[in-house]
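Presented below is the structure to which this report refers.
Note that the numbering runs from 1 along the sequence shown for the chain.
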Amino acid sequence: MPSTRGSVPDPGAPGGADQRLRRGARAPAPHPHAPDDRGRPHRIAIVGGGPGGLYTAALLKRLAPDREVTVYERNAPDDTFGFGVVLSDETLGGIEHADPAVHEALKAHFVRWDDIDIVHRGIRHTSGGHRFAALGRRRLLGILHDRCRDLGVDLRFRTEAPPPDRLARTHDLVVAADGVHSAVREAHRDVFRPHVTSHRCRYIWLAADFAFDAFRFEIAETEHGVMQLHGYPYSRPSPDQQPSTRPRGPQHEAASTVIVEMREEVWRAAGFDALDETESTARCAKIFADALGGRPLRSNNSAWTTFRTVVNARWSHGNVVLLGDAAHTAHFSIGSGTKLAVEDALALAACLEERPTLREALGAYEEERRPVVASTQRAARASLEWFEDLGRYVGQPPRRFAFNLLTRSRRVTHGNLRLRDAGFTDSVEREFGCPPGTPPMFTPLRLRGLTLRNRVVVSAMDMYSADDGVPGDFHLVHLGARALGGAALVMTEMVCVSAEGRITPGCTGLYTGRQGGAWRRITDFVHDSAPGTAIGVQLGHSGRKGSTRLMWEGMDEPLPDGNWPLVAPSPLPYRPGSQTPRELTRAQLTDVRQQFRAAAERAAHAGFDLLELHCAHGYLLSGFLSPLTNHRTDAYGGSLERRLRFPLEVFDAVREVWPAERPMTVRVSATDWAEGGTSGADAVRIARAFAAHGADAIDVSTGQVVAEERPEFGRSYQTPYADRIRHEAGVPVIAVGAISSWDDVNSLILAGRADLCALGRPHLYDPQWTLHAAAEQGYDGPGAPWPAPYRAGSRPPRTGRTDAPRPRLTLHGPRQDV
């Protein structure tokens with residue numbers, strides 16, 4: 001899906017590159033044939049004549065008319081691949097500030113519309129308010145060609161650029177804008193260190209000679225598998241179409257971009273691998289005849305390909321700098337390729353004007369653009385993976401499916417969809433079962449005999465504040481405050497089943513009666529003072545990650561003294577310098593299983609409403625599940641089924657003594673973020689196994705299993721794993737991982753990606769996070785009742801003077817001075 005209004009963060013520098021260029025639009029003093037004393041390059045070579053390269057050339061020449069700017073493009077001026085280009089309001093605003101002439105030329109040819117149509121199983125749902133602008137790629141290139149010629153840029157078409165080393169010697173600056181297969185980047189790959197990831201779908205760019213009324217997604221469920229069409233108009237409808245107020249713009253003919261996409265195995269099963277361009281085009285038109293109204297499709301050197309995500313460790317080398325697809329790519333489903341390239345050009349030109357040396361300018365350009373690009377690439381990856389796994393969602397109710405598609409990248413959320421189209425969002429909520437005026441996060445969920453009044457969980461967070469495993473006043477206040485804060489379920493930290501199973505000396509336990517009594521004091525407080533709030537206990541054993549210092553004294557660092565022996569599936573230290581654990585014997589496995597069973601009995605007597613078995617984060621049971629930490633050759637190691645054996649034995653022992661009406665959940669690490677570790681497919685099999693043994697929900701976390709992990713952090717970064725387990729294993733899931741806003745919670749619940757959302761840090765920042773989320777959404781209902789003593793605080797306090805006299809008279813028209 002193309003980028004939409006408000007979807008991209010502001011560039012790093014104040015005002016953004018466009019504002020800075022506007023302020024600095026006056027041409028600087030003439031340059032010699034080398035960078036001047038401020039480091040501004042004079043002789044510039046740009047390799048690649050796409051939108052990014054051409055716009056860079058125009059900006060740099062406009063800022064310094066005496067510069068020598070040469071663009072090398074190996075294709076002819078009219079050669080182009082793809083058909084329409086979509087630009088966001090942010091990008092257009094940047095162009096308007098930096099070069100009004102280009103903006104005016106673009107404006108004259110834009111088609112604008114607001115709607116997205118999603119057609120699935122013969123039902124069309126429309127969501128409005130998205131504000132798109134598109135034009136033909138050939139038209140865009142023509143505008144940029146004309147602007148470059150007007151400014152005196154040397155455009156060399158049908159010309160291969162000289163070798164990069166030669167260009168670097170003969171020019172002050174070389175801009176590599178030569179695309180995903182950049183020859184300039186490859187010439188210095190040892191410096192740029194590109195990483196290219198190929199993905200699982202095949203797609204082809206085509207066009208139709210009519211204009212869609214909206215951005216259209218159409219799903220075809222064929223005998224070979226699921227296929228999808230992405231289509232949008234880029235020129236005005238022909239006169240014989242039905243009148244429409246949505247697309248408009250002074251184009252000469254109607255046309256739409258049409259992209260057809262499907263999984264590789266579907267593509268092969270359908271026989272596309274044996275068809276030529278003409279046959280493929282005709283076949284696509286037949287499959288999507290309803291969307292096309294029976295009209296044909298046309299191609300332009302169109303070929304089936306797989307998308308490649310490009311990431312580079314560095315963006316510059318000496319006087320050579322990467323721009324656009326040479327530096328980074330973002331999947332076409334969020335429409336950001338041209339947008340990112342144009343914004344790169346704006347930032348590069350601004351940094352070259354502002355910085356005293358070329359080296360500083362190129363460093364500032366990368367520093368400004370890298371976080372913006374990384375954020376866009378995360379959204380693009382979420383979007384492309386959603387379409388790769390489209391078959392997972394086709395069985396959802398129609399409106400929920402449409403909402404899921406619209407929010408797939410996690411940039412469009414429940415909140416901003418409501419701003420764009422409240423009617424559409426209301427219809428999705430009604431289908432989901434939200435009572436009027438109730439946000440999705442405040443709907444109830446039942447697990448066995450426990451009904452949770454909303455979908456918010458206070459995540460388990462180790463506090464390292466116990467004395468000999470006994471929770472004290474700190475835990476009473478910590479958990480009690482969060483229970484009063486409105487969440488449906490408050491989880492304890494990992495409560496250890498033995499003294500040897502502690503992570504640190506400050507960890508709590510349930511291996512003595514005294515500890516059980518202390519926990520009873522806390523659960524009684526929650527049930528008496530926060531009625532309707534459930535409290536859950538998380539049982540675990542540290543395994544090889546035990547006998548370490550308190551977190552704030554050195555996380556995962558061994559104790560300086562007083563260490564206790566460690567046990568694990570295999571004798572592997574967590575990291576260099578960590579204690580090496582002993583491999584558990586059969587007799588010890590029996591002992592550990594009994595420790596979990598006894599702790600569960602104490603937890604039941606202590607009054608906990610829910611029990612979670614900790615099988616994540618590299619602790620003992622997690623250590624059995626991962627092939628990186630389980631090297632056993634007996635019945636408890638080897639295949640996944642064998643690695644699952646002991647965790648399932650522990651689960652069964654706990655379930656046997658845990659009251660039948662009370663639910664049990666299991667926390668898992670759905671990926672180890674390391675080569676050869678637990679995969680997403682493994683996580684689904686693990687979840688199915690626990691569900692088959694009676695788990696009521698799976699708490700889906702990731703990582704912390706091996707020290708050499710490489711997580712892909714970002715907003716809601718772990719939620720796709722929960723989504724996959726929910727749909728493929730058919731079990732309720734708790735999503736975790738940088739979920740920080742109530743808007744995220746509403747989006748995840750309503751899209752069907754999670755059943756509950758667990759938040760940790762937000763509840764440390766604000767113990768009343770859930771109640772405040774209700775107040776901020778104007779919700780006052782059974783999903784978030786304020787405790788009676790707190791009701792006076794259910795509205796934000798006034799912070800400014802409100803008793804000033806109001807104006808008695810408003811004058812209209814020009815002021816008349818007397």
Under the salt bridge (Lys or Arg N to Asp or Glu O under 4.0 Å) test, which residues partner Asp421, sequence neighbours left out? none

Taking the six-membered ring for Trp and the full ring for Phe, Tyr or His, determine whether the centres of His230 and Phe332 are under 6.0 Å apart. yes

Can you sort out the partners of Asp744 under salt bridge (Lys or Arg N to Asp or Glu O under 4.0 Å), two or more places apart, ordered by chain and number? Arg715

Under the salt bridge (Lys or Arg N to Asp or Glu O under 4.0 Å) test, residues paired with Arg455 that sit two or more places apart: none

Do the ring centers of Tyr234 and Tyr232 come within less than 6.0 Å of each other? no

Once the angle between the rings of Tyr393 and His727 is folded into 0 to 90°, is it parallel (under 30°), tilted (30 to 60°) or perpendicular (over 60°)? perpendicular

When you check the gap from the basic side-chain N to the acidic O, do Arg400 and Glu431 get nearer than 4.0 Å? no

Suppose we screen for salt bridge (Lys or Arg N to Asp or Glu O under 4.0 Å). Which residues come up paired with Glu429, at least two apart in sequence or across chains? Arg418

Plane angle bin for Trp304 and Phe272 - parallel if under 30°, tilted between 30 and 60°, otherwise perpendicular: tilted

Quick one: side chains of residues 729-736, donor-acceptor pairs under 3.5 Å with protein atoms, not counting sequence neighbours, listed by atom name and distance.
none

Do we get Arg378 above Tyr717's six-membered ring, with its NZ or CZ under 6.0 Å from the centre and within 45° of the axis? no

Across all chains, not counting sequence neighbours, the ring pair (Phe, Tyr, Trp, His ring centres under 6.0 Å) partners of Phe401 are His120, Trp386

Give the ring-plane orientation class for Phe217 versus Phe215, where under 30° counts as parallel, over 60° as perpendicular and anything between as tilted. tilted

